[in-house]
There are 2 protein chains.
Amino acid sequence: MAMLMIGELARRTGVKVNTIRFYEDIALMPKAARTDSGRRTYSEADVKRLSFIRNGRDLGFSTEELKSLIALSEHPDLDCGAAAGIARRHLLAVEARLSRLMLMRWELERVAANCEGGRMADCQVIGAIADAPSH
Amino acid sequence: MAMLMIGELARRTGVKVNTIRFYEDIALMPKAARTDSGRRTYSEADVKRLSFIRNGRDLGFSTEELKSLIALSEHPDLDCGAAAGIARRHLLAVEARLSRLMLMRWELERVAANCEGGRMADCQVIGAIADAPSH
DNA sequence: AATACATCCTCCAGTCACTGGAGGATCAAG
DNA sequence: CTTGATCCTCCAGTGACTGGAGGATGTATT
């Protein structure tokens with residue numbers, strides 16, 4: 001399979017070159033294989049893993065959480081009560097986020113529509129978001 | 001109206017005392033009035049504002065964005081095309097987040113249910129989340 | 001073969017948004 | 001009048017990047 005350089009991996013995943021190196025430092029990404037001249041090389045599996053990390057980070061998972069999720073999925077022969085536990089814990093957080101995000105969307109839609117060219121005397125963004133449930 | 005001390009404000013909003021002081025430093029919260037002995041006092045309006053900030057931060061708005069949203073909502077006599085602009089920009093981001101979060105929830109539900117007491121040979125968290133659309 | 005330019009390397013300082021702690025003052029209750 | 005909670009300021013540390021200096025390597029062109 002075709003090996004890619006760090007720049008190509010960056011382009012494919014939307015993760016910056018420096019950030020990829022940083023992820024290697026903190027062991028979120030494995031130590032990349034190198035060419036004779038010392039350049040990092042990556043495979044398709046790395047594209048997947050990094051895409052997962054990117055999405056996970058964007059959704060609010062910490063690097064440590066992502067590490068544990070990845071570690072678990074890399075040992076499919078182990079019992080996965082732990083994975084289920086992690087999953088359930090995250091499920092709660094994800095659900096809370098979902099409901100607040102939906103409220104936020106609703107309010108943003110209202111603001112974008114109502115304020116159109118007008119005044120914002122009744123702009124309730126802050127009121128609405130302030131009252132949103134906190135986890 | 002009853003004035004509250006910083007600790008009470010922290011309890012009511014879920015924002016840490018140190019963080020409230022930090023928000024004052026960066027002017028995300030206004031300079032609090034002080035008692036004779038120098039302690040900060042807050043009102044119900046501050047509870048609202050800080051709750052808004054807390055939720056906004058949690059939903060991925062930067063402190064600068066929150067500042068501009070608050071500034072806009074505090075000048076309801078001004079035209080609010082700007083507010084609508086901010087709203088629309090965030091709407092896109094919020095929608096992307098929503099769809100990825102829903103996928104994440106789906107996958108976490110599957111993991112939590114399927115793995116129960118078993119093995120996780122087909123645990124697809126990473127595969128599923130890696131393929132999720134990015135912004 | 002020489003030049004040009006992109007891309008890679010390491011190392012390090014800076015940013016954002018907190019977080020926690022030291023060291024000390026203030027206040028409310030017993 | 002002491003104890004304990006809460007407050008104050010100041011400052012160092014953390015997590016997760018981000019950007020740049022200074023230098024090596026790879027590729028394409030003349």
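Residue numbers start from 1 in every chain, and the chains themselves are labelled A, B, ... in the order their sequence lines are given, proteins ahead of strands. Worth knowing before you read on, the calculation uses all heavy atoms, side chains too, and leaves out hydrogens, waters and symmetry mates.
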Name all residues meeting the salt bridge (charged side-chain N to carboxylate O under 4.0 Å, His left out) criterion together with B/Glu8; count only those two or more places apart in sequence or in a different chain, and write none if there are none.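 Residues passing salt bridge (charged side-chain N to carboxylate O under 4.0 Å, His left out) with B/Glu8: B/Arg11, B/Arg12.
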Just to verify, what does A/Lys67 make a salt bridge (charged side-chain N to carboxylate O under 4.0 Å, His left out) with, not counting sequence neighbours?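 A/Glu64.
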Distances under 3.5 Å between nitrogen or oxygen atoms of protein and nucleotides 12-16 of chain C:
none

Could you work out, with side-chain contact (heavy atoms from CB on, under 4.5 Å) as the rule, every residue matching [X], not counting sequence neighbours?
X	value
A/Arg57	A/Tyr23, A/Ile53, A/Thr63, A/Leu66
B/Ser37	B/Thr35, B/Arg39
B/Glu24	B/Lys31, B/Ala32, B/Arg34, B/Arg40, B/Tyr42

Any side-chain N or O of B/Arg54 below 4.0 angstrom from OP1/OP2 of C/dC18?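 Answer is no, no contact under 4.0 Å.
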Just to confirm, is there a sub-4.0 Å distance from OP1 or OP2 of D/dT9 to any side-chain nitrogen or oxygen of B/Arg34?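 Answer yes for this pair, as a side-chain N or O of B/Arg34 is under 4.0 Å from OP1 or OP2.
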Between C1' on D/dT6 and CD1 on B/Ile6, what's the gap in Å once rounded to a whole number?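 For the pair B/Ile6 CD1 and D/dT6 C1', the rounded distance is 11 Å.
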May I have the distance from B/Met29 (atom CE) to C/dC18 (atom C1'), rounded to whole angstrom?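 After rounding, the gap between these two atoms is 16 Å.
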Report the residues that fulfil ring pair (Phe, Tyr, Trp, His ring centres under 6.0 Å) with B/Phe22, sequence neighbours left out, ordered by chain and then residue number.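 Testing B/Phe22 for ring pair (Phe, Tyr, Trp, His ring centres under 6.0 Å), a comparison that skips the adjacent residues, returns none.
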Enumerate all atom pairs, one protein N or O and one N or O from nucleotides 23-27 of chain C, separated by less than 3.5 Å.
unit_1	atom_1	unit_2	atom_2	d
C/dT26	O2	B/Arg39	NH2	3.1
C/dC27	OP1	B/Ser37	OG	2.7

Which residues within residues 15-26 of chain B lie with some heavy atom under 4.0 Å of an atom in DNA chain D?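 Going residue by residue through residues 15-26 of chain B, the ones with a heavy atom under 4.0 Å of DNA chain D turn out to be B/Arg21.
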Run the side chain to side chain donor-acceptor pair (under 3.5 Å) test against B/Arg21 and tell me which residues pass, sequence neighbours left out.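 B/Arg21 satisfies side chain to side chain donor-acceptor pair (under 3.5 Å) with B/Asn18 once adjacent residues are dropped.
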5' priority, DNA chain D, between A/Glu64 and B/Arg40 [closest heavy atom]: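 Between the two, 5'-proximity favours B/Arg40.
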